[in-house]
Amino acid sequence: MHKLYNFIEARERLSTVTVPTKLIQSPVFSTESGNQIYIKPENLQKTGSFKIRGAYNKISKLSEEEKSKGVIASSAGNHAQGVAYAAKKLGIKAVIVMPKHTPLIKVEATRQYGAEVILHGEVYDDAFKYAKELQEKEGYVFVHPFDDEDVLEGQGTIALEILDELPDTDIILVPLGGGGLVSGIACAAKLKNPSIKVIGVEPEGAASALAAIKKGEVIELAEANTIADGTAVKKIGNINFEYIKKYVDEIVTVSDYELMEAFLLLVEKHKIIAENSGILSVAAVKKLDVTNKKIVSVLSGGNIDVLTISSMINKGLVMRGRIFTFSVQLNDKPGELLKVSELLAKQNANVIKLEHNQFKNLTRFKDVELQVTVETNGEEHIKKITEEFKSNGYEIVRLNSEY
């Protein structure tokens, strides 16, 4: 297990490659949670995530002989770019094995940092196995994304920065995938301040650390099903499991829907764009049973493509009640549509989509079904619209939006 000076030395080592990611106080998440929420924006870090810390710390500690052999890693995302950048900075050869279907934008970003990229296998596990084969054959040094003492030591430098800036932090919330980030942060934070709480946040569909803690040993999940692809890990690291048992106080999970909602708030209120796995810690602030605490949410990464951003915003709008889709039965006679429009105008609801279908309702011959999607100010506004329609003799049925 690490000592505090290990993390202090790592921080010194990283001082030439990392950028300062100062805490951002968040009024909106503070209001939502009843606590004082601060965001640690590692999405603004070089290569777009915290991964540069662990990768650079690991590679810079290699012996000259090991450096001469070069490094190899397997990754479909942020770790690839972290290793490639670190190797380039230190003048070392880097080979990255990525699954065949890795988005081109990530492949190109890794190549731009000077790494040799090999596309192999259908999923990450295939890429990992092939990278290990190449390591044996070519003598490269393998840089694991999370199950490595030097890697988690680099990630732990985040805790030192948080506590330097906000010494009276009560809780640090940390995204949890393989466990490298939470292990490093929890260990460093507890060494500096034993009374601080560190909480890991996993996606509901890939809660491999929670499963391991409950079972008392590392186990592999049957599947990892979540939009937080960077933390879709079926099995946490063995080293990380030991650190989590010793230093992490609690593990909470969040749903994909909660991630969508948090994503929208970050974009709208903070003008911050982060990837789905990066916002786990922000989505978790409402799930804590505490008030008036100083809480830091580590926003771990920001590498997300434009199409996903669009989809997340739309779904977040629906989650927050800002997009409201409903159906209403109307008499099949002229003027009914005008009445609906006037009721919506009276409530300042902006119509986005409208479908008037004479053939949809077969239960009552003289009725037609109208489906409407409107832009609203949230759930209170929706309630007022529903009441307005009811007082005018119309019954609204809320629908799942396809907007």
Do [X] and [Y] have side chains that approach each other closer than 4.5 Å (heavy atoms only, starting at C-beta)?
| X | Y | value |
| --- | --- | --- |
| I96 | I72 | no |
| K40 | S297 | no |
| T325 | R398 | no |
| F7 | N57 | no |
| I171 | I199 | yes |
| R320 | L264 | yes |
| V340 | L343 | no |
| I39 | L23 | no |

Does the plane of the ring in F146 sit parallel, tilted or perpendicular to the ring in H144? Use 30° and 60° as the thresholds.
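Perpendicular, since the angle between the ring planes exceeds 60°.
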Assess whether side-chain contact (heavy atoms from CB on, under 4.5 Å) is satisfied between V296 and E165, documenting all intermediate values.
CA-CA 11 Å; V296 176; E165 208 178 334; over 6 Å; no
Electrostatic pair [X]:[Y] at N-O distance under 4.0 angstrom:
| X | Y | result |
| --- | --- | --- |
| E153 | K61 | yes |
| K287 | E258 | yes |
| E387 | K390 | no |
| E336 | K339 | yes |
| E375 | R322 | no |
| K235 | E217 | no |
| E42 | R53 | yes |
| E108 | R111 | yes |
| K192 | D164 | yes |
| K197 | D170 | no |
| E223 | K234 | no |

How far apart are the closest heavy atoms of [X] and [Y], and which atoms are they?
| X | Y | answer |
| --- | --- | --- |
| A86 | I52 | N-CD1, 4.2 Å |
| P175 | L173 | CD-O, 4.3 Å |
| S391 | E388 | OG-O, 2.9 Å |

For the side chain of [X] and the backbone of [Y], is there at least one donor-acceptor N/O pair under 3.5 Å apart?
| X | Y | value |
| --- | --- | --- |
| N6 | H2 | no |
| N35 | V290 | yes |
| N276 | I227 | yes |
| S49 | G301 | no |
| E202 | L210 | yes |

Assess whether atom NZ of K271 is packed by more than 12 heavy atoms of other residues, nucleotides or ligands within 6.0 Å.
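Counting other residues, nucleotides and ligands, NZ of K271 exceeds 12 neighbours.
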Assess the pair F326 and F389: is the distance between their ring centroids shorter than 6.0 Å?
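Judged by ring-centre distance (under 6.0 Å), F326 and F389 do meet the cut-off.
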Checking K46 against T18 for the side-chain contact (heavy atoms from CB on, under 4.5 Å) test, could you report, in this order, the C-alpha distance in whole Å, the side-chain angles of both residues, the deciding distance, and whether it holds?
CA-CA 6 Å; K46 277 183 186 170; T18 55; over 6 Å; no
F142 ring centre to K132 NZ or CZ under 6.0 Å, with the angle to the axis within 45°?
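The answer is yes; both the distance and angle limits are met.
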